[in-house]
Participant: 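Let me begin by handing over the structure; questions about it come next.
Positions are given from 1, in the same order as the sequence printed here. This is a predicted model, so every value here is computed, not measured.
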Amino acid sequence: MGELETRKYAGIDIGLTSVQVSIYDEAMTEMTEESFPLNREEQEDYIAGGIYFVRKYMEANHLEWSDFQAVHFSMEDTSEANRNHLKETLDASFFERHSLCVITRLRAFVEYVFHQERVVWDRSTLLMDYEGNRLRYILVEQIRRAKQKAYRASLEEINLNSYDIVEGDSELDYKFSRLMKQFLVKNPAHIIFLTGKGFEGNWMKRTLTYLCAGRRVFMGQNLYANGAALIGTGSISFMDEGMLLMQGPDMVYHTIGLITQEAGRAQYVPITSIGREWYNTKGSMDIILDKSQKVEFFYHNTKANEIECATCEIKNLPARPPKTTRMHIEVQFTSETEGIILLKDLGFGTMFPGTGKVTVFPFKLIS
């Protein structure tokens, strides 16, 4: 009797100086992790260089793209040019099984955190990424402690020059530990993750002593790739419910929705959710028009808790009785705060056939 096949999920993080590969196998208790540094020449086209090492790794381990249930890429720079270049670099065998899904490192880490046990994310969790004398951090914190909890994840960068911190300095440990004491007073965290080449070596004696005082500290280079791999296993409920606000480049923090009547009471129904990159955010729903041929959309800025209303007038529809016009609504983002809403006339069965007419309604959200 052959071995029972289990589902595998791959996460690939493409950075400027290295590429990480993580594979989650449902049958295993630990993630398979690999990291490949890029030399100076390979860094000139680090996306192609990174994918080259991914292919070599897959060949050495007798893996094909079709072996994976899902593949997600996180990238240090998720610009449109880089996303297109990654698409061009992948071969046809990838697209036979998968569509390209690119996420930010902010989301990759948040996905990793919320796919862990509750103790990891239920209070405040911090990631510090130190490389090239640049320190970026992601803080995941609970911002509402009511029955329906809410969380915020923010990406920031610390200017190390203002603290006179330089890699290789003989006083690096002393200066860095002093920075951490100031930083953690303002940004308390009970679990800390460290990543990046800057943390490698044995220089962190004072720093680690302070960080580990009353906190759990973990170090690893594949955190982003791990998070990307875990996306395939299922979405985060807090994200689906709009209870996870992510503040960083490319991230959407508005929902677009409608007001409907539920048991005689007005209720806001979102069409899109927050917590994803704008190029990964979309939504659709069908509605029945009443007497009016207008649709009111409500844009909810979850960061500032502000709501804006915009009215779309649908013109040139055939005359029909009330509640006999069904519209299919589809929302597409073109940036963090802009996009289009498509409204397609579906009619109402054979008695009132749809025209297929599409109304295009651009939107610009509260910034």
Side-chain angles (χ1 to χ4, degrees), residues 5-38 42 46-78 82-83 86 89-90 93-94 97-117 120-121 125 127-131 136 138 140 153 191-197 199-200 218-236 239 276-277 280:
E5 289 190 7
T6 57
R7 291 179 294 186
K8 299 182 180 70
Y9 305 91
I12 300 168
D13 177 70
I14 300 177
L16 304 180
T17 60
S18 63
V19 59
Q20 277 81 40
V21 180
S22 295
I23 298 174
Y24 177 75
D25 189 328
E26 288 183 336
M28 301 177 67
T29 57
E30 294 183 357
M31 194 94 65
T32 301
E33 302 177 357
E34 291 291 344
S35 180
F36 304 97
L38 305 178
E42 291 162 343
Y46 66 91
I47 295 176
I51 295 301
Y52 169 81
F53 280 107
V54 172
R55 289 198 188 100
K56 288 296 182 182
Y57 170 77
M58 291 176 61
E59 289 173 7
N61 290 276
H62 309 289
L63 292 169
E64 303 286 344
W65 292 117
S66 57
D67 294 329
F68 301 111
Q69 188 77 10
V71 180
H72 291 84
F73 294 86
S74 58
M75 298 182 73
E76 186 168 351
D77 180 354
T78 56
N82 282 348
R83 299 198 310 273
L86 175 59
T89 304
L90 293 166
S93 63
F94 175 87
R97 177 65 188 270
H98 307 285
S99 57
L100 180 62
C101 184
V102 177
I103 64 172
T104 62
R105 283 183 164 182
L106 167 61
R107 183 177 167 198
F109 176 67
V110 173
E111 292 277 356
Y112 174 78
V113 168
F114 279 91
H115 276 89
Q116 306 306 308
E117 297 176 354
V120 176
W121 49 261
T125 304
L127 168 72
M128 288 188 286
D129 187 338
Y130 182 27
E131 185 166 354
R136 289 183 174 177
I138 298 172
V140 182
I191 293 181
I192 298 176
F193 291 91
L194 306 177
T195 193
K197 292 187 178 296
F199 287 121
E200 294 179 351
F218 303 91
M219 186 177 296
Q221 297 299 344
N222 274 60
L223 293 172
Y224 303 124
N226 287 353
L230 291 170
I231 290 179
T233 65
S235 61
I236 300 170
M239 188 181 295
R276 294 175 175 84
E277 301 79 8
N280 291 325

Participant: Excluding sequence neighbours, so at least two apart, what forms side chain to side chain contact (heavy atoms under 4.5 Å, CB included) with E76?
Facilitator: L16, R105, R134
Participant: Using every non-hydrogen atom in the two residues, find where L38 and G15 come nearest and quote the distance to one decimal.
Facilitator: CD1-O, 4.2 Å
Participant: Report yes if some heavy atom in the side chain of R107 is under 4.5 Å from a heavy atom in the side chain of I231; otherwise report no.
Facilitator: yes
Participant: Roughly how far, to the nearest 0.5 Å, is CD1 of I14 from CG of N82?
Facilitator: 9.0 Å
Participant: For H98, check ring pair (Phe, Tyr, Trp, His ring centres under 6.0 Å) against everything at least two apart and list the hits.
Facilitator: F94
Participant: Compare every heavy atom of T89 with every heavy atom of R55, then report the nearest pair and how far apart it is.
Facilitator: NH2-O, 2.5 Å
Participant: Under the side chain to side chain donor-acceptor pair (under 3.5 Å) rule, collect the residues that match up with S35, sequence neighbours excluded.
Facilitator: Q20
Participant: Taking distance alone, no hydrogens or angles, what donor-acceptor pairs closer than 3.5 Å link side-chain atoms of residues 63-71 to residues at least two apart or in another chain?
Facilitator:
{"residue": "D67", "atom": "OD2", "partner": "E64", "partner atom": "N", "Å": "2.7"}

Participant: When rounded to the nearest 0.5 angstrom, what is the spacing between CG in L106 and CD in E277?
Facilitator: 8.0 Å
Participant: Taking all non-hydrogen atoms of both residues into account, name the closest pair between P37 and S18 and its distance.
Facilitator: CA-CB, 3.9 Å
Participant: My understanding is that only residues two or more places apart in sequence, or in another chain, count here; which of them pass side chain to side chain contact (heavy atoms under 4.5 Å, CB included) with F36?
Facilitator: V19, V21, E34, F53, Y57
Participant: Could you tell me which residues satisfy side chain to side chain contact (heavy atoms under 4.5 Å, CB included) with A27, sequence neighbours excluded, listed by chain and number?
Facilitator: T6, D25
Participant: A108 and S74: which non-hydrogen atoms are nearest, and at how many Å?
Facilitator: CB-CB, 3.9 Å
Participant: Could you work out, with side chain to side chain donor-acceptor pair (under 3.5 Å) as the rule, every residue matching Y130, not counting sequence neighbours?
Facilitator: none
Participant: Once rounded to the nearest 0.5 Å, what's the spacing between atom SG of C101 and atom CZ of R83?
Facilitator: 10.5 Å
Participant: Please check this pair: side chain of Q116 against backbone of Y112, looking for a donor-acceptor N/O pair closer than 3.5 Å.
Facilitator: yes
Participant: How long is the straight-line distance from CE of M75 back to CD1 of I12, given to the nearest 0.5 Å?
Facilitator: 11.0 Å
Participant: According to side chain to side chain donor-acceptor pair (under 3.5 Å), who are the partners of S22, at least two apart in sequence or on a separate chain?
Facilitator: N222, N226
Participant: With sequence neighbours left out, what residues match Y9 under ring pair (Phe, Tyr, Trp, His ring centres under 6.0 Å)?
Facilitator: none
Participant: Between E131 and T17, does the side chain to side chain donor-acceptor pair (under 3.5 Å) criterion hold? Intermediate values first, please.
Facilitator: CA-CA 10 Å; E131 185 166 354; T17 60; 2.7 Å; yes
Participant: Tell me, please, which residues at least two apart from T195 pass side chain to side chain contact (heavy atoms under 4.5 Å, CB included).
Facilitator: L127, D129, Q221, L223, Y224
Participant: With side-chain contact (heavy atoms from CB on, under 4.5 Å) as the test, pick out the partner of T125 among I191, V110, I138.
Facilitator: I191
Participant: For the atom pair CD (E111) and CD1 (I103), what is the distance rounded to the nearest 0.5 Å?
Facilitator: 6.0 Å
Participant: Donor-acceptor pair, distance only, cut-off 3.5 Å: does the side chain of H115 make one with the backbone of L230?
Facilitator: yes
Participant: Sequence neighbours left out, what passes ring pair (Phe, Tyr, Trp, His ring centres under 6.0 Å) with Y24? Give chain and number order.
Facilitator: none
Participant: Could you check S235 against R276 for side chain to side chain contact (heavy atoms under 4.5 Å, CB included), going step by step and ending with a plain yes or no?
Facilitator: CA-CA 11 Å; S235 61; R276 294 175 175 84; 4.2 Å; yes
Participant: What pairs with F218 under ring pair (Phe, Tyr, Trp, His ring centres under 6.0 Å), at least two apart in sequence or on another chain?
Facilitator: F193
Participant: If I compare all heavy atoms of L100 with all of L86, which pair ends up nearest, and what's the gap?
Facilitator: CD1-CD2, 3.9 Å
Participant: Rounded to the nearest 0.5 Å, how far apart are NZ of K56 and CD1 of I51?
Facilitator: 14.0 Å
Participant: Looking only at heavy atoms, which two atoms of F114 and V140 are closest? And how far apart?
Facilitator: CE1-CG1, 3.6 Å
Participant: Are the side chains of I47 and F73 in touch, meaning some heavy atoms are under 4.5 Å apart?
Facilitator: no
